[in-house]
**Q** 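Quick one: structure below, then a few questions.
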Amino acid sequence: MSNLVIPMNDLKRSWVATSPRVRQEVISVLSSGHFVLGPRHEAFEHELAGFLGGGVEAVGVASGTDALRIALTAVGLRSSDRVLMATNAGGYAALAAAQIGCNLVFADCDSNSLLLTPSTIAAVIDDDISAVVVTHLYGNSVDVAGIKKLCEPLGIPIIEDCAQAIGGILSGVEPRAVGTLGDASCFSFYPTKNLGAAGDGGAVVSSRVDVLQAARALRQYGWNSRYEISCSGGANSRLDELQAAVLRVGLPLVGEFNERRRQIIDQYRNAVHGGALRLVTGSGVPTTAHLAVLQAPTASARARAREVMLGLGIATDVHYPIPDHLQSGLPKPVRVTALEVAERACETIISVPCFPDLTDHEITRVAEGLTQLSNRVS
Ligand SMILES: *Cc1c(COP(=O)(O)O)cnc(C)c1O
């Protein structure tokens with residue numbers, strides 16, 4: 001039965017699992033005896049920076065969450081500093097900030113894109129805030145340039161969380177790449193991301209020399225030179241040579257993968273047109289279509305929608321069901337702010353399968369399911 005269900009993801013079908021070039025590269029790393037911070041890692045850092053453009057350099061790290069923690073530390077955040085972020089972006093930035101001992105402040109999201117915008121940030125920002133993290137959620141591009149206009153006069157650095165948006169174009173200032181406008185930007189190469197490795201991986205990207213230098217020290221014990229711990233807040237968080245080798249094969253393919261994801265989203269958009277479900281992915285902003293997220297009118301409509309899809313053999317998920325400010329394992333926010341739009345989104349959104357290896361037939365089946373739903377659910 002379960003193999004008849006269209007899954008949210010199936011990494012056995014992916015280029016990582018099937019590419020002969022990946023196999024060759026893995027074997028060549030094994031034979032080289034170079035496993036950590038070797039030539040492939042260095043080459044990948046250069047290739048990622050070149051891919052993004054905008055004068056950035058890249059620092060490979062062990063995961064996207066580590067990238068966020070290292071980026072926040074590298075822009076100067078310390079314990080008790082206040083970080084402003086979205087509450088509906090999966091908890092990753094909140095967790096990274098909490099690891100440093102920072103205090104959390106949340107801004108609400110836009111009801112259309114479900115992203116932070118200049119106006120949702122303007123409602124809560126003041127000079128007590130030491131950094132703003134913006135997440136390009138579902139691949140939807142945040143207007144980083146607009147947010148920078150608010151932050152720059154207050155001297156507040158911006159961190160872009162690009163874990164779901166590699167290869168995307170920023171909202172507002174096209175054709176600038178996602179990850180090239182913030183003081184630091186964070187990428188994850190977790191296997192299901194738009195560029196996924198054969199394990200964990202991440203990167204910090206910046207065009208600021210001080211941030212890059214700090215990030216390079218922080219990923220390796222806080223060393224500025226060998227055995228000299230001169231940068232506080234360091235850890236062991238390196239991107240290993242095997243992952244770098246795999247990522248070098250995948251990086252030139254990201255544009256193609258993202259295009260396929262966008263085609264899937266276009267079919268889903270047509271499928272729900274005029275009905276009760278609305279597509280959040282790509283709604284009014286450029287997107288990498290990392291996730292196909294729809295919004296139902298009510299929480300009970302969302303529950304019914306999930307049941308109907310399951311009955312049709314289509315997996316669904318919710319990204320994400322619990323807003324950060326209600327997570328029991330995260331510190332409580334230090335300021336009460338209005339978060340109604342985000343709270344309602346957590347109760348009404350639903351994700352359906354969207355990955356490049358879905359077959360055309362599967363995409364059509366999901367789209368037909370969505371049309372049925374959109375006409376039924378209210
Ligand atoms: C996946 C993800 C992360 C965390 O990346 P890991 O590599 O799993 O640590 C951070 N932010 C967002 C938005 C993500 O989707």
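In listed order, ligands and their atoms are each counted from 1.
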**Q** Does D66 reach ligand 1 with a nitrogen or oxygen that is under 3.5 Å from one of the ligand's nitrogen or oxygen atoms?
**A** no
**Q** With a 4.0 Å cut-off on heavy atoms, is H290 in contact with ligand 1?
**A** no
**Q** Which residue owns the protein heavy atom closest to atom 9 (O) of ligand 1, what's the atom, and how far is it?
**A** T65 OG1, 2.6 Å
**Q** For S188, is at least one N or O under 3.5 Å away from an N or O on ligand 1?
**A** yes
**Q** Run the salt-bridge test on D360 and R260 with the 4.0 Å N-O cut-off and return the result as yes or no.
**A** yes
**Q** N/O of D161 under 3.5 Å from N/O of ligand 1, yes or no?
**A** yes
**Q** Please evaluate residues E47 and R248 with respect to the criterion salt bridge (Lys or Arg N to Asp or Glu O under 4.0 Å), reporting the C-alpha separation (whole Å), side-chain torsions for both, the decisive distance (0.1 Å), and the verdict.
**A** CA-CA 8 Å; E47 287 158 10; R248 289 186 72 199; 2.7 Å; yes
**Q** Report the part of T135 (side chain from C-beta onward, or backbone N, CA, C, O) that has a heavy atom under 4.0 Å from ligand 1; answer both or neither where that applies.
**A** side chain
**Q** Indicate whether any N or O donor in one side chain lies under 3.5 Å from an N or O acceptor in the other, for N140 and T287.
**A** yes
**Q** Backbone or side chain, does any N or O of Y190 fall under 3.5 Å from an N or O of ligand 1?
**A** no
**Q** Salt-bridge test for R262 and E259: reply yes if a basic N is under 4.0 Å from a carboxylate O, no otherwise.
**A** yes
**Q** Out of all atoms in ligand 1, which are within 4.0 Å of some heavy atom of G64? Include the element for each.
**A** 5 (O), 6 (P), 7 (O), 9 (O)
**Q** Can you tell me the protein heavy atom closest to atom 1 (C) of ligand 1 and the distance?
**A** K193 NZ, 1.7 Å
**Q** Quick check: do I158 and K148 have side-chain heavy atoms less than 4.5 Å from each other?
**A** yes
**Q** Do ligand 1 and D200 have nitrogen or oxygen atoms that lie under 3.5 Å from each other?
**A** no
**Q** Look at the rings of W223 and Y227 and say which category their plane angle falls in: under 30° parallel, 30 to 60° tilted, over 60° perpendicular.
**A** perpendicular
**Q** Counting both backbone and side chain atoms, is some N or O of A89 under 3.5 Å from an N or O of ligand 1?
**A** no
**Q** Taking the side chain as every heavy atom from C-beta outward, state whether C102 and R82 have any pair of such atoms under 4.5 Å apart.
**A** no
**Q** I need the M8 CE to I6 CD1 distance, nearest 0.5 Å.
**A** 11.5 Å
**Q** Counting only heavy atoms, which portion of A163 has something under 4.0 Å from ligand 1: side chain, backbone, both, or neither?
**A** side chain
**Q** Which ligand 1 atoms does S63 reach within 4.0 Å, using its non-hydrogen atoms?
**A** 7 (O), 9 (O)
**Q** Any side-chain donor paired with an acceptor under 3.5 Å for D324 and T87?
**A** no
